[in-house]
Amino acid sequence: SLEQVRNDPNPTQQLIRRCIVFKKRCQLSKARLLFLEMVVHNPSVTQYWIEFTRMEMETGCYANARQIGRASCRER
C-alpha cells in the first residue's frame, strides 16, 4: 500500500507500476483498490487519474472510465 513506498525516490511511478502489474495479472479489484487509495490520498497527482482511467478503458470498463474522468474534473 501507500505506506510501503513512502521512502521511494519516485513513489508515484512505483505505485503506478504496481497497479499495472495487478492489471496484467487480471487482478483488477486489487488494481482498482490501489488506484482509489492513490487518488483519495493525492487527488492533485494527475498521472494517477490518467492511469486509472486508462486501465478501465483497456479492460473495456468504459462506464467506470467516464466516472473516473468526471471525478477527476471535480477534484480540479
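The structure presented is a predicted model; accordingly, all values stated were derived computationally and were not measured.
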Peer 1: Going through the checks in order, is the side chain to side chain contact (heavy atoms under 4.5 Å, CB included) test met by Val45 and Met38?
Peer 2: CA-CA 9 Å; Val45 180; Met38 290 159 52; over 6 Å; no
Peer 1: Is the shortest side-chain N to carboxylate O distance from Glu56 to Arg66 below 4.0 Å?
Peer 2: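 No salt bridge links Glu56 with Arg66.
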Peer 1: For the residue pair Tyr48 and Leu15, establish whether any side-chain heavy-atom pair is separated by less than 4.5 Å.
Peer 2: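 The answer is yes, as the side chains (C-beta and beyond) meet within the 4.5 Å cut-off.
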Peer 1: A side-chain contact here means heavy atoms from C-beta on lying under 4.5 Å apart; do Arg32 and Asn64 qualify?
Peer 2: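 When only atoms from C-beta onward are counted, Asn64 and Arg32 do touch, with a gap below 4.5 Å.
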Peer 1: Do Met57 and Met55 share a hydrophobic cluster, counting only Ile, Leu, Val, Met, Phe, Trp and Tyr and linking them when any side-chain heavy atoms are less than 4.5 Å apart?
Peer 2: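 Not linked; separate clusters.
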Peer 1: To the nearest 0.5 Å, how far apart are CD1 in Ile16 and CD in Gln47?
Peer 2: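 Ile16 atom CD1 to Gln47 atom CD measures 4.5 Å (nearest 0.5 Å).
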Peer 1: Could you check whether any side-chain heavy atom of Leu28 comes within less than 4.5 Å of a side-chain heavy atom of Lys23, counting everything from C-beta outward?
Peer 2: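 Leu28 reaches Lys23 side chain to side chain.
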Peer 1: With rounding to the nearest 0.5 Å, note down the distance linking CD in Glu51 to OG1 in Thr12.
Peer 2: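 Reported value, rounded in 0.5 Å steps: 11.0 Å.
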Peer 1: Can you measure from CD1 (Ile68) to CG (Leu36) and round to the nearest 0.5 angstrom?
Peer 2: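 Here the interatomic distance stands at 7.0 Å.
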Peer 1: Considering non-hydrogen atoms only, spot the tightest contact between Pro43 and Trp49 and give its length.
Peer 2: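 For Pro43 versus Trp49, the nearest heavy atoms are O-NE1, 2.8 Å.
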Peer 1: For the atom pair SG (Cys19) and CZ (Arg54), what is the distance rounded to the nearest 0.5 Å?
Peer 2: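 One gets 12.5 Å once the value is rounded to the nearest 0.5 Å.
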Peer 1: Considering only heavy atoms from C-beta outward, does the side chain of Val21 approach that of Lys24 to under 4.5 Å?
Peer 2: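 A side-chain contact is absent here, since even the closest heavy-atom pair is not under 4.5 Å.
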